[in-house]
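Here is the structure we will look at.
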Amino acid sequence: MSEIALPTFTEIMEKKIGSMLQEVAELLKNNPRGAVIKLTRAIALQPNNAELFRQRAEAYEALSDYYPAILNFRKALLLRPGNKDTLTFKLAQVCCAYGEHLCEEKQHLQALEMFKMALEYQPHNGEYALKRIMCLSVLKRYDECIEMIKKQLEEEGTSSGLYTSRSVLHMMFGNNTQAFYDACRALELDPSNFEASHLKDELKAKAESFKNQASLCTCTYTKCSEHDAVL
């Protein structure tokens with residue numbers, strides 16, 4: 001009579017983890033908090049399982065609990081560096097989402113760090129760069145704004161959003177000619193850019209106003225000169 005082979009400890013653990021992951025897949029749809037609890041138990045059994053940390057990160061993300069989501073994605077990346085592209089993409093997404101949340105809470109300095117981190121994971125993402133520029137603007141760090149926009153334009157070449165941002169900054173400093181040029185360039189790249197269209201109209205109105213004022217001053221000066229000549 002042949003002996004029945006008993007499952008090894010590793011096989012038992014793998015089966016248990018597999019069962020837990022099936023439950024987690026359902027929990028993630030409707031009860032991400034429950035998924036976090038289940039995954040925490042699984043991680044206690046297999047602390048070097050990158051997939052468990054990745055799924056727990058997604059559960060935290062579903063809860064808008066961004067900081068632990070970032071920590072878990074980082075741990076997954078550390079355990080599975082071969083999955084770098086996918087995990088850095090997710091890390092950048094979560095950092096950006098956290099930055100947006102911090103902006104809503106008026107915590108712009110902390111938000112700035114999150115957008116910076118997002119760009120470290122995805123250096124050529126124009127959306128993240130634009131959010132960081134806007135954050136710098138709110139913090140009144142205008143020199144850094146201009147420098148970053150210049151750098152991004154050198155890298156991207158064509159970005160309606162970046163030209164719009166620079167137009168706003170030039171307008172703030174009274175550089176209306178440069179602001180108008182950037183607004184026009186933004187519209188060339190994206191005719192549906194409402195903000196750039198509004199800026200262009202506002203700058204045209206300002207230019208017309210200045211022209212009328214200059215004309216009025218000239219007329220007044222001419223009349224005064226004629227009056228003085230008569231006297």
Side-chain angles (χ1 to χ4, degrees), residues 10-139 141 144 148 151-152 155-156 159 161-162:
T10 301
E11 289 172 339
I12 293 171
M13 293 301 297
E14 289 292 344
K15 186 176 180 180
K16 186 173 182 62
I17 295 297
S19 175
M20 292 175 101
L21 285 176
Q22 287 181 353
E23 294 177 43
V24 165
E26 290 301 316
L27 287 169
L28 279 172
K29 297 174 184 177
N30 304 306
N31 183 13
R33 180 64 64 189
V36 167
I37 294 169
K38 185 72 67 174
L39 286 160
T40 300
R41 290 173 183 165
I43 287 169
L45 297 172
Q46 285 194 343
N48 294 318
N49 188 322
E51 180 61 17
L52 296 178
F53 282 99
R54 186 193 68 79
Q55 291 209 27
R56 189 166 70 170
E58 292 189 348
Y60 277 122
E61 184 185 4
L63 291 165
S64 299
D65 204 348
Y66 300 112
Y67 186 66
I70 291 169
L71 294 179
N72 278 266
F73 275 126
R74 280 179 174 174
K75 183 67 174 179
L77 180 59
L78 182 66
L79 291 170
R80 191 186 292 171
N83 202 20
K84 182 180 178 181
D85 289 346
T86 300
L87 291 172
T88 52
F89 178 79
K90 285 299 299 180
L91 271 163
Q93 275 191 329
V94 177
C95 287
C96 183
Y98 193 16
E100 290 172 342
H101 171 74
L102 289 167
C103 281
E104 290 173 3
E105 298 293 319
K106 309 298 181 186
Q107 298 180 48
H108 293 99
L109 195 59
Q110 295 90 329
L112 184 64
E113 287 304 309
M114 285 297 107
F115 295 135
K116 179 183 177 183
M117 196 181 296
L119 279 168
E120 287 171 357
Y121 289 119
Q122 295 279 294
H124 304 297
N125 189 300
E127 180 188 351
Y128 301 156
L130 193 56
K131 289 181 186 298
R132 186 166 184 238
I133 289 164
M134 291 294 97
C135 205
L136 284 167
S137 177
V138 171
L139 292 167
R141 291 160 62 169
E144 291 177 65
M148 190 172 176
K151 179 183 175 184
Q152 289 300 125
E155 291 180 0
E156 296 183 33
S159 171
L162 288 173

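Predicted model only: the values in this text are computed from it and were never measured.
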Min side-chain heavy-atom separation [X]-[Y] under 4.5 Å:
X      : Y      : answer
Tyr128 : Gln93  : yes
Ile70  : Leu91  : yes
Leu79  : Asn49  : no
His101 : Ser64  : no
Glu61  : Lys90  : yes
Phe73  : Leu77  : no
Cys96  : Met114 : no

Could you report the tightest heavy-atom contact between [X] and [Y], atom names first, then the distance?
X      : Y      : result
Ala111 : Cys103 : CB-SG, 3.6 Å
Leu130 : Gly161 : CD1-O, 3.7 Å
Val36  : Arg56  : O-CD, 4.2 Å

Distance from [X] atom [atom1] to [Y] atom [atom2], nearest 0.5 Å?
X      : Y      : atom1 : atom2 : answer
Arg141 : His108 : CZ    : NE2   : 12.5 Å
Phe115 : Cys95  : CZ    : SG    : 10.0 Å
Lys75  : Leu52  : NZ    : CG    : 12.0 Å
Phe53  : Leu87  : CZ    : CG    : 12.5 Å
Met117 : Leu119 : CE    : CG    : 11.5 Å
Thr40  : Leu45  : OG1   : CG    : 11.0 Å

Notebook entry, point to check: Hey, mind stepping through Leu112 and Glu144 against side-chain contact (heavy atoms from CB on, under 4.5 Å) and telling me if it holds?
Noted result: CA-CA 12 Å; Leu112 184 64; Glu144 291 177 65; 5.7 Å; no
